[in-house]
Protein chains: 2
Amino acid sequence: MSPRRSVADTLETRQRILDRSLAIASAEGLEGLTIGRLAAELGMSKAGLLGHFGTKEALQLAVVDQAAEVFLREVPRKVKQMPSGLPRLIEVCEAWVSYLEREVLPGGCFFTAATAEFDGRSGRVRDALAGMNALWRRDLRIHIRRAVSDGDLKPDTDVEQLIYEILGVMLALNHFLQLEHDEAAPRRARQALKRLLTK
Amino acid sequence: MSPRRSVADTLETRQRILDRSLAIASAEGLEGLTIGRLAAELGMSKAGLLGHFGTKEALQLAVVDQAAEVFLREVPRKVKQMPSGLPRLIEVCEAWVSYLEREVLPGGCFFTAATAEFDGRSGRVRDALAGMNALWRRDLRIHIRRAVSDGDLKPDTDVEQLIYEILGVMLALNHFLQLEHDEAAPRRARQALKRLLTK
DNA sequence: CCTACCGATCGGTAGG
DNA sequence: CCTACCGATCGGTAGG
């Protein structure tokens with residue numbers, strides 16, 4: 001009989017599972033994350049692992065949360081001290097490019113990969129991914145509006161158009177980095193953003 | 001004993017398999033395309049189906065070819081009659097937007113989905129996808145260079161930068177259509193392209 | 001093109 | 001947290 005684990009130990013095990021899950025899911029997709037393989041890599045049983053989450057879908061939802069946590073830590077939280085408006089928007093985009101450039105997660109942006117994988121389905125995982133995307137666009141929207149009202153972007157700026165184009169730059173960055181290992185891609189992303197964010 | 005099928009019949013069956021495979025793979029990914037499910041949907045046995053291709057990987061490669069065939073028919077071949085250079089480039093991009101807007105394949109662009117799915121792996125399927133991407137960029141490059149030498153794009157146009165940004169617009173279009181069902185997305189794509197392709 | 005089958009793996013559960 | 005197990009499904013093969 002194994003000794004009873006403390007609450008702290010349980011949380012630590014849960015975190016170990018999530019960290020490994022996120023690495024696997026980023027590289028090979030949320031569906032490629034299988035219970036058996038994950039258990040083997042962590043040196044524990046499938047049943048022991050599932051005890052922390054209940055079902056595979058619950059594990060997937062926890063991984064989406066964990067990916068959001070990593071992204072929020074690496075991008076918006078890093079530029080919290082910048083004055084809001086255009087300076088903050090520019091730094092948010094730079095942190096975003098840097099996040100993809102440094103390959104914080106293997107396989108690039110978890111959300112890009114997971115969104116492409118789940119956008120044709122229905123269910124709670126898809127909804128969670130769509131929710132995170134919407135939340136992040138809301139963040140960008142706030143910064144852009146502020147930049148416009150500060151007079152740092154043209155008064156006739158089409159806010160949704162700008163969000164669309166910024167996202168396109170980031171999706172292309174992820175594409176060229178992951179598929180082509182194109183080292184020039186971050187430079188291209190920064191150049192495109194500079195043009196988009198200059199009055 | 002079933003009657004011996006003619007060569008034409010065999011090819012027709014093969015095409016039926018490919019058409020269905022492409023629809024499944026576009027919507028749910030190349031890995032989600034399983035032999036058992038495909039056989040069930042087509043009303044044939046797994047062995048009969050596999051006889052046409054040999055292995056799952058060979059089927060996946062054939063599906064990539066089929067997707068390329070559909071894309072080439074719907075986009076570049078539709079604008080073959082246009083004068084090369086900028087007019088052709090503009091029409092290629094319009095055909096591309098229209099292709100995504102009409103949802104010719106369920107689940108949007110097969111190559112976007114498959115590339116995101118396989119970019120972190122190695123093997124022949126990944127290589128085939130990378131090859132198609134490279135071929136298509138080559139096409140765009142030729143049109144852009146011609147537009148520059150015709151004087152229809154600025155002489156200091158950064159060709160690779162423009163390819164990067166056009167691809168970003170298309171990736172964003174696919175993203176907003178598939179995840180958000182955003183009907184404004186094609187308009188945003190056209191507007192972004194207009195700005196990119198105006199001297 | 002079929003039936004019948006293979007070993008491996010899937011997500012998940014019973015019981016401790 | 002474990003062992004032992006479940007039915008379903010995976011890609012693939014033998015033999016016709």
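Note on naming: letters A, B, ... go to the chains in the order of the sequence lines (proteins, then strands), and numbering restarts at 1 for each one.
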key: First encountered from the 5' end of DNA chain C, between B/Lys46 and B/Ile17   = B/Ile17
note = Rounded to whole Å, the CZ-P distance (B/Phe53 to D/dT13) equals 16 Å
task = Assess whether salt bridge (Lys or Arg N to Asp or Glu O under 4.0 Å) is satisfied between A/Glu41 and A/Arg37, documenting all intermediate values.
result = CA-CA 6 Å; A/Glu41 287 193 19; A/Arg37 175 194 170 174; 2.9 Å; yes
key: CA sep, side-chain torsions, deciding dist, call: B/Glu69, B/Arg73, salt bridge (Lys or Arg N to Asp or Glu O under 4.0 Å)   = CA-CA 6 Å; B/Glu69 184 52 42; B/Arg73 183 211 308 149; 5.1 Å; no
task = Output the residues of residues 36-45 of chain B in contact with DNA chain D, where contact means a heavy atom of the residue under 4.0 Å from an atom of the strand; sort by number or write none.
result = B/Gly36
remark   = note: B/His52, atom NE2; C/dC2, atom C1'; distance rounded to Å ~ 12 Å
key: Distance in angstrom units between B/Leu33 CG and D/dC10 C1', rounded   = 13 Å
request  = Please determine if a side-chain N or O atom of B/Thr34 lies less than 4.0 Å away from the OP1 or OP2 oxygen of D/dT9.
outcome  = no
request  = Give A/Ile35 one of three labels, base, sugar-phosphate or nothing, depending on what nucleic acid heavy atoms sit under 4.0 Å from its own.
outcome  = sugar-phosphate
remark   = Taking every heavy atom of B/Met132 against every heavy atom of B/Ala68, the minimum-distance pair comes out as SD-CB, 3.7 Å
key: Member of B/Val159, B/Leu167, B/Leu162, B/Val92 meeting the side-chain contact (heavy atoms from CB on, under 4.5 Å) criterion with B/Leu140   = B/Val92
task = Please check if the distance between the ring centroids of A/Phe71 and A/Trp136 is under 6.0 Å.
result = yes
key: Identified stems (criterion: three or more consecutive Watson-Crick or G-U pairs, under 3.5 Å), DNA chain C   = C:1-16 with D:1-16
inquiry  = Using a strict threshold of under 4.0 Å (side-chain N to carboxylate O), is an ion pair present between A/Arg187 and A/Glu101?
reply    = no
Those residues of residues 54-65 of chain B lying under 4.0 Å from DNA chain D by at least one heavy atom = B/Thr55, B/Lys56
ask   = Would B/Glu12 and B/Arg16 pass as an ion pair if we require N to O under 4.0 Å?
value = no
remark   = Separation between CH2 (B/Trp96) and NZ (B/Lys78), nearest 0.5 Å, reads 15.5 Å
ask   = Between C/dG11 atom P and A/Glu31 atom CD, what is the distance in whole Å?
value = 8 Å
note = For A/Ala184 and A/Asp182, the nearest pair of non-hydrogen atoms, with its separation, is N-OD1, 2.8 Å
query = Going through the checks in order, is the salt bridge (Lys or Arg N to Asp or Glu O under 4.0 Å) test met by B/Glu94 and B/Arg190?
reply = CA-CA 7 Å; B/Glu94 170 54 32; B/Arg190 290 187 174 97; 2.8 Å; yes
task = Give a yes or no on whether the backbone of B/Cys109 and the side-chain of B/Asn174 come within a donor-acceptor separation of less than 3.5 Å.
result = yes
ask   = C/dT13 C1' sits how many Å from A/Leu49 CG, rounded?
value = 15 Å
